[in-house]
Amino acid sequence: MPQAKDIVIPATARPRIRFNADTVFKGVTVVAAVVVPIIIAGIFWELLILSWPALKKFGWRFFVTEVWNPVTQQFGAASSIYGTVISTLIAMVLAVPMSIVIALFLVELAPRSVSKVVSNLIELLAAIPSIIYGMWGLFIFAPFMAKYVQPFLGQHLGFLPLFTGPPMGIGMLTAGVILAFMILPFITAICRDVFSLVPPVLKESGYGVGATTWEVTYKITLPYGIVGVLGGIFLGLGRALGETMAVTFVIGNTHKISLSLFAPGNSIASSLANEFAEATEPIYLSSLIALGLVLFLFTFLVQVISQIMLRRLYRGWSIKL
Amino acid sequence: MKKIVCLLALIGCLVAAGVAQAQVTINGAGASFPYPVYSKWAHKYHELTKVKVNYQSIGSGGGIAQIKAKTVDFGATDDPLKVEELKTEGLFQFPTLIGGVVPIFNVPGVEAGKLTLSPEVLVDIFMGKIKNWNDPAIAKLNAGVKLPDLPITVVHRADGSGTTWIFTNYLSKVSPEWKEKVGNAKAVSWPTGMGAKGNEGVANNVKQVSGSIGYVEYAYATINKIPYAKLINKAGKAVVPSLESFKAAAAAADWKSAPGFYMVLTDLPGENTWPIVGATFILIHKEQLNAEKAKETLKFFDWAFKHGDAIAQELHYVTMPDSVVALIQEGWSKEVKLAERTGLKQLWP
């Protein structure tokens, strides 16, 4: 076997080739890396420029009025922003506790073989295209909600304004639940990784002093991984905010703010998906782009926060990012 | 030697075939409503003449924008351009197909064709004034039909669409209140209900939600087998939507005195006339620069008018009556010209 040092490269050829390849490689990577921030800045700039006519015409009231009338050309983003926030909130309320519980089960309790299979299945959920969730939501889940879940909620929690109105199956609640299904695998996967990174010596010490599984989970695993869990939650949040097709199928697409979760509503993403193609009037188009700008800022903010959280976590483990 | 000659002959044949193949391609874009028919026409026409017609279903708004920008040979739109706009843009507009918009419903216990609605009741439902299926106003029109105590859910289009334009045009015509409060457009601010994307979206939502009512192109109602309602027309008769009642509407319209074929076929007189009918239109530039393409475009639509009926009917659309086709072709020869250095030259026939 020749050793690496045995291979002789002619002295004349060596520096030139290495120099070139390195330069090219460096150039390519630098360009590729620089392109990303440029594109982001470009998108932001373009959104700002194109939404300017609407923002100028409607002013700050654009963000607080519910009116969305293509006939009179009066537009307000309030219902879309409200719908985005509420549907995301429902998704988070449902998905976060469930994700953490699933992750804890996979890491702490499940036998290795079960853990492996379930982990793979959950990751498979993440790979399903969102339009499939939407179709499933419309054809199977919405009728299920209308028939069983909403009448049940209306009967037992109907005194709350949240659960009033006819059970149509399509509306804010269904959209939120579908979103929860979609972000569940993301949060679960991150939580699982975070929990499995807890140093065994910590847990073993816990068990050593006689702690139960619950105590170890509650007092060691969770606090240790909390920042990572938060990072995962924000990642899920980012996805829920921008989710388009699945939401469009089941949210009901109405520019109205209703207190009832059974009522149809809309989100920024669903409004854009629906209306962009046929918005020919300049102010209509500009208003839609302004909605896009709001969503861009929302998700950007969420991503920044999640990055900060994850970074802090990794720093805590002295892993350089 | 013989082999080489054979080979050369073969190559020659292939090249010749290739040349014959590489004929004109006509590009069009616009409304999604006539897309099934246009694409089938194009397919058949290609088989017959080897002329390729590409039609992209990008929506009426897109079609208008594309033809204005001259990136396509023809644009297609569901809501006709007004005469003034045609003039400033130098466009010629003509109708190709007629389709009906029908109210579809999902009320347990009420079968297809058993529900009759009057214009007033239809408006009040879509206004959100009539909220339950057991409302006396509906019951009065439907003696003998058992209407359940079920809240009404209105399903409308969430995207801008020609279907909505035709439907709200009808509602505006029969109700001054609708005209004032909501209006007539491709997208409006709906007083009540939920939105769905596309005809298929409305059809699906109506299928899923018990107690719902929506409106779709006739073809979607028939293909999806969703019960549709009868409507009382201007003559006071309850009509069933059908290709015949759409044709009656086209025949009832006075195309001759409609410059630019600007014609809305809603709420027209006639005993058998379905009241919510719309035409879909083609836009071409009056001054054509490419003689071959312009001629082929007109030839394609000429063929479609003459031989496209069967395909259109198969897909539940109605082609224009012969009298209207004659008017259209008269317009072609009078208004669509080839722009040459020496001046304008007649293109058709």
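Worth saying up front: this structure is predicted, and the values here are computed from it rather than measured. Quick note on labels: first sequence line is chain A, next is B, and so on, each numbered from 1.
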Out of B/Ser210, B/Gly198, B/Gly160, B/Ser161, return the one with the most heavy atom pairs under 4.5 angstrom to chain A. B/Gly160
Would you mind checking which part of A/Pro70 comes under 4.5 Å of any heavy atom in chain B, side chain (CB onward), backbone (N, CA, C, O), both or neither? both
Turns out that what part of B/Lys186 lies under 4.5 Å from chain A's heavy atoms comes down to side chain
Assess whether atom NZ of B/Lys179 is packed by more than 12 heavy atoms of other residues, nucleotides or ligands within 6.0 Å. no
For chain A, the option from B/Gly201, B/Ser60, B/Ala65 that forms the most heavy-atom pairs under 4.5 Å: B/Ser60
Rounded to the nearest 0.5 Å, how far does OG of B/Ser212 lie from CD1 of A/Ile170? 8.5 Å
Is it the case that more than 12 heavy atoms not belonging to B/Met127 sit under 6.0 Å from its CE atom? yes
I'd like to know whether CD of B/Gln56 has more than 12 heavy-atom contacts from other residues, nucleotides or ligands below 6.0 angstrom. no
For the residue pair B/Asn205 and A/Leu138, establish whether any side-chain heavy-atom pair is separated by less than 4.5 Å. yes
Check the surroundings of atom CE in A/Met245: do more than 12 heavy atoms from other residues, nucleotides or ligands lie under 6.0 Å from it? yes
Could you check whether any side-chain heavy atom of B/Ser189 comes within less than 4.5 Å of a side-chain heavy atom of A/His255, counting everything from C-beta outward? no
Which heavy atom of B/Gln208 sits nearest a heavy atom of A/Pro143, and at what distance? OE1-CG, 3.2 Å
Locate the shortest heavy-atom distance separating A/Val71 from B/Ala185; write the atom from each residue and the value. CG2-CB, 3.8 Å
Spacing of CG belonging to A/Asn253 relative to NE2 belonging to B/His156, to within rounding of 0.5 Å: 8.5 Å
Taking side chain as everything from C-beta outward and backbone as N, CA, C, O, which of these in A/Ala273 sits under 4.5 Å from a heavy atom of chain B? Side chain, backbone, both or neither. backbone
To the nearest 0.5 angstrom, please state how far the CG atom of B/Asp79 sits from the CD atom of A/Glu278. 8.0 Å
Under 4.5 Å heavy-atom distance to chain A, tell me which part of B/Ile58 shows up: side chain, backbone, both or neither. backbone
Under 4.5 Å, counting heavy-atom pairs only, tell me which of B/Gly183, B/Ala187, B/Gly59, B/Pro151 racks up the most with chain A. B/Ala187
Whatever's closer than 4.5 Å to a heavy atom in chain B on A/Phe139 counts as both
Would you indicate whether the side-chain heavy atoms of A/Phe249 and B/Asn204 approach each other to under 4.5 Å? no
Return yes if some donor-acceptor pair links the side-chain N/O of A/Thr254 with the main-chain N/O of B/Gly193 below 3.5 Å, else return no. yes
Crowding at OH, B/Tyr35 (>12 non-hydrogen neighbours, <6.0 Å): no
Under 4.5 Å from a heavy atom of chain A, the part of B/Val155 involved: neither
Identify the two heavy atoms, one from B/Trp190 and one from A/Lys256, that lie closest to each other, and give their separation to 0.1 Å. O-NZ, 3.0 Å
